[in-house]
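Below: one structure, written as structure tokens.
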There are 2 protein chains.
Amino acid sequence: MAATMKDIAKRTGLGLATISSYLNGGNVREKNRIKIEEAIEELNFEVNEVARGLKTNKTKTIGVIIPELNMTFCTQIITEVEDLLRSRGYATIICDCRSDEKREEEAVEFLFHRRVDGLIIMPSGKQGKHLNKFTRAGKPVVLIDRKLKEIECDCVLVDNEWASKDAVERLLAAGHKRIGMIAGPQDIYTAKERYRGYCTAMENAGLSAEDRLVAHGDYTIESGASAMKELVSQNPDMTAVFVSNYEMTMGAIIEINELRIEIPGQLSFIGFDNVEFAKANIPRLSIVIQPTQEIAGHVSELMLRRLEENGNQGERETIKLRTSFVEGKSVKE
Amino acid sequence: MAATMKDIAKRTGLGLATISSYLNGGNVREKNRIKIEEAIEELNFEVNEVARGLKTNKTKTIGVIIPELNMTFCTQIITEVEDLLRSRGYATIICDCRSDEKREEEAVEFLFHRRVDGLIIMPSGKQGKHLNKFTRAGKPVVLIDRKLKEIECDCVLVDNEWASKDAVERLLAAGHKRIGMIAGPQDIYTAKERYRGYCTAMENAGLSAEDRLVAHGDYTIESGASAMKELVSQNPDMTAVFVSNYEMTMGAIIEINELRIEIPGQLSFIGFDNVEFAKANIPRLSIVIQPTQEIAGHVSELMLRRLEENGNQGERETIKLRTSFVEGKSVKE
DNA sequence: AAGTGAAACCGAAACGTTTCGGTTATGTTT
DNA sequence: AAACATAACCGAAACGTTTCGGTTTCACTT
């Protein structure tokens with residue numbers, strides 16, 4: 001059906017090796033170059049990447065595992081990563097593991113079996129043993145957002161503790177003392193960090209981080225709403241609240257509307273991620289935003305570099321990025 | 001390095017063909033089965049999908065092209081499709097073409113070159129000639145959401161005209177006459193359909209669909225905001241507005257907040273897609289929602305079926321699905 | 001115990017590349 | 001014009017599967 005290098009060789013009268021050399025940027029005599037290019041044009045030949053992959057043991061494909069494609073934080077990063085990798089000739093196979101450890105492992109298996117050249121993963125579980133399959137095979141692994149113990153690899157993180165501390169300090173500076181927090185699952189790295197930031201800020205201000213001021217959700221909209229409800233009912237004196245991811249921010253707002261609580265009159269509010277939603281709300285929400293574009297850039301760059309290094313890898317890197325703060329009207333002085 | 005079938009053959013004393021047969025579900029004598037399984041276990045052999053792909057001319061990979069991974073409508077569908085395909089052993093290569101026709105064509109090239117087995121695409125352009133590369137090669141193409149002229153393939157659509165007509169009729173039933181619409185780009189299939197639905201509803205009610213009651217955005221948040229501004233300034237007497245996609249709904253709401261317009265007191269509002277956002281707003285927005293899960297189901301099912309049919313394809317199918325309506329508090333009687 | 005049909009097995013050739021080691025062509029130097 | 005260094009070329013083997021057509025083995029019959 002489709003033309004092969006053999007056809008090109010036959011047509012031009014040249015050898016197979018010469019065609020291969022040409023295709024891989026080798027030197028070829030001018031007149032032969034022309035002949036080859038004509039033949040390629042005429043037969044509209046395209047290299048068979050599968051055959052090439054068999055021979056070179058490279059698929060030019062990167063696996064990406066994320067907890068939820070539906071979380072804007074993930075989507076924003078993925079969009080960018082996919083773009084950057086594709087512009088360098090790499091395809092991206094995305095696996096959404098629905099924040100499920102079991103499914104994450106399956107995805108790792110799936111991708112390994114597919115022989116992707118590298119793995120980019122925002123881990124759902126807290127341990128990384130299953131990822132060693134890749135490192136052992138000399139295939140680079142890049143972690144996003146969450147660090148893992150049992151594996152040595154590159155890693156692009158956000159300084160979550162700082163982000164959270166900063167947000168809470170802003171509330172403190174505005175005079176708030178009874179500050180609540182809607183935290184994430186206690187077993188997730190980023191959630192723990194954000195919680196720690198809250199505690200640090202409170203303690204630095206001479207306040208204790210009381211248990212009842214902290215409600216734990218699981219990063220979903222629903223959990224954000226119910227955490228909000230819990231906080232309000234347990235803390236009639238609470239004057240401000242900090243919510244630590246986008247989905248829960250939305251959930252908290254839904255609940256606040258439900259309860260007819262007025263922001264910032266009755267309650268000051270700082271949310272997380274996604275400027276657009278924050279802007280659409282009345283009043284505009286003050287939020288912490290993560291540098292997704294920058295994350296994507298570092299992740300892709302690290303991956304591509306490791307891929308080039310081809311096994312003889314240099315020292316592993318961990319990059320930590322700062323969040324920024326977008327001022328809204330949801331914090332009362 | 002990694003074990004191959006040859007190793008298994010050597011180890012078990014069986015022939016290569018027998019191993020292959022076993023791996024592909026063929027029959028093997030009990031004692032041999034055991035020997036093979038032991039060998040596989042011991043050498044932890046895994047079929048090399050690349051080699052298999054070379055021989056079978058199948059990559060077990062589906063290409064997916066979408067306009068924006070960042071649009072929830074897309075993400076919701078993709079998440080589901082990816083899941084369904086992977087559960088049947090197919091990998092998914094996603095290409096985000098940023099709503100750009102040029103980039104869409106590049107993505108088609110890229111995926112074709114990668115020799116994916118099939119293509120799922122939510123087209124950005126309005127013509128589908130470039131997709132014939134796939135059909136000519138006997139590779140199935142499934143269109144999502146937008147129908148194209150120059151290509152014959154399966155297609156999963158939403159009844160946008162009906163959706164829009166239904167929404168507008170609800171506004172009419174609530175007594176509104178000066179109903180505005182924020183429509184999408186006039187060259188996009190779905191946008192045209194939604195616009196037509198609006199016109200039909202208005203005309204059926206004995207009203208004309210005046211030009212100045214319709215503002216066109218380009219499906220982005222920003223354009224939604226500016227379209228809203230335009231509508232308000234041009235139509236002081238407008239009492240209701242219908243916005244025809246999620247991102248523009250958000251934009252419109254941002255602008256409405258900016259302008260301090262009260263919903264539904266001063267303006268009744270019906271938006272599109274994404275229940276969560278609608279619920280988070282005060283008051284809850286009434287919205288049209290699209291059956292993304294159902295779309296994903298049909299798309300995957302069609303693709304898998306065509307893949308099995310393997311060329312001797314039956315009649316092409318076009319499936320059209322209904323939207324549903326979620327009642328909020330944003331429409332005044 | 002020989003004969004039988006079906007099931008299980010087998011070797012070798014393909015799939016379309018890359019790569020190794022060796023050969024030929026080119027053009028420069030003497 | 002012969003000798004040479006270098007660049008360009010080449011054939012064949014390899015990558016790890018599947019598959020074709022043919023052979024062996026098995027479990028029954030007779």
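Letters A, B, ... are given to chains in the order of the sequence lines, protein chains preceding strands, and every chain is numbered from 1. Bear in mind that the values here come from a model prediction, so they are computed numbers and not experimental data.
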How about B:Ile121 and B:Leu143: do any of their side-chain heavy atoms sit closer than 4.5 Å?
yes

Note, B:Ile151 side chain near B:His130 side chain (heavy atom, < 4.5 Å):
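Not in contact.
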
Report for the helix from C:dA1-D:dT30 to C:dT30-D:dA1: angle between first-end and last-end helix axes, five pairs each, rounded to 10 degrees.
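Comparing the first five pairs with the last five, the axes sit 50° apart.
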
Output the rounded distance in Å from [atom1] ([X]) to [atom2] ([N]).
| X | N | atom1 | atom2 | answer |
| --- | --- | --- | --- | --- |
| A:Arg29 | D:dT6 | CZ | P | 16 Å |
| B:Asn57 | C:dA14 | CG | P | 17 Å |
| B:Glu30 | C:dA7 | CD | C1' | 15 Å |
| B:Lys55 | D:dC15 | NZ | C1' | 13 Å |
| B:Ile34 | C:dA8 | CD1 | C1' | 16 Å |
| B:Leu14 | C:dA8 | CG | P | 13 Å |
| B:Ile8 | C:dC9 | CD1 | P | 15 Å |
| A:Met5 | D:dA12 | CE | P | 15 Å |

Taking C:dT17, D:dA8, D:dT17 as options, the one with an atom nearest any side-chain atom of A:Asn32 is D:dA8

Between C:dT26, C:dC15, D:dA14, spot the one nearest the side chain of B:Leu54, thanks.
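Per side-chain heavy atoms of B:Leu54, the pick is C:dC15.
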
Does a salt bridge link [X] with [Y], judged by any charged N lying under 4.0 Å from a carboxylate O?
| X | Y | value |
| --- | --- | --- |
| A:Arg88 | A:Glu308 | yes |
| B:Asp154 | B:Arg306 | yes |
| B:Arg33 | B:Glu30 | yes |

Start with the C-alpha gap between B:Thr59 and B:Asp117, add the side-chain angles, then the distance that decides, and say whether side-chain hydrogen bond (donor to acceptor under 3.5 Å, both in side chains) holds.
CA-CA 6 Å; B:Thr59 52; B:Asp117 294 341; 3.2 Å; yes

Residue closer to the 5' end of DNA chain C, A:Lys6 versus A:Lys31 (nearest nucleotide):
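In this pair, the answer is A:Lys6.
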
Hey, mind stepping through A:Glu101 and A:Ser124 against side-chain hydrogen bond (donor to acceptor under 3.5 Å, both in side chains) and telling me if it holds?
CA-CA 6 Å; A:Glu101 260 181 272; A:Ser124 290; over 6 Å; no

Carefully, step by step, assess B:Thr220 and B:Glu247 under the rule side-chain hydrogen bond (donor to acceptor under 3.5 Å, both in side chains).
CA-CA 5 Å; B:Thr220 63; B:Glu247 280 73 16; over 6 Å; no

Close residues, residues 15-28 of chain A, relative to DNA chain D [heavy-atom separation under 4.0 Å]
A:Gly15, A:Ala17, A:Thr18, A:Asn27, A:Val28

When you measure from every atom of DNA chain D, which of residues 42-52 of chain B have a heavy atom less than 4.0 Å away?
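By residue number: B:Phe45, B:Glu46, B:Val47, B:Asn48, B:Ala51, B:Arg52.
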
Would you please test B:Ser300 and B:Tyr90 for side-chain hydrogen bond (donor to acceptor under 3.5 Å, both in side chains) and show each step?
CA-CA 11 Å; B:Ser300 317; B:Tyr90 283 87; over 6 Å; no

Run the salt bridge (Lys or Arg N to Asp or Glu O under 4.0 Å) test on A:Arg98 and A:Glu104 for me, step by step, so that the C-alpha distance in whole Å, both residues' side-chain angles and the decisive distance to 0.1 Å come before the verdict.
CA-CA 8 Å; A:Arg98 311 278 167 112; A:Glu104 177 178 307; over 6 Å; no

Atom CD of A:Gln293: over 12 foreign heavy atoms under 6.0 Å:
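Open.
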
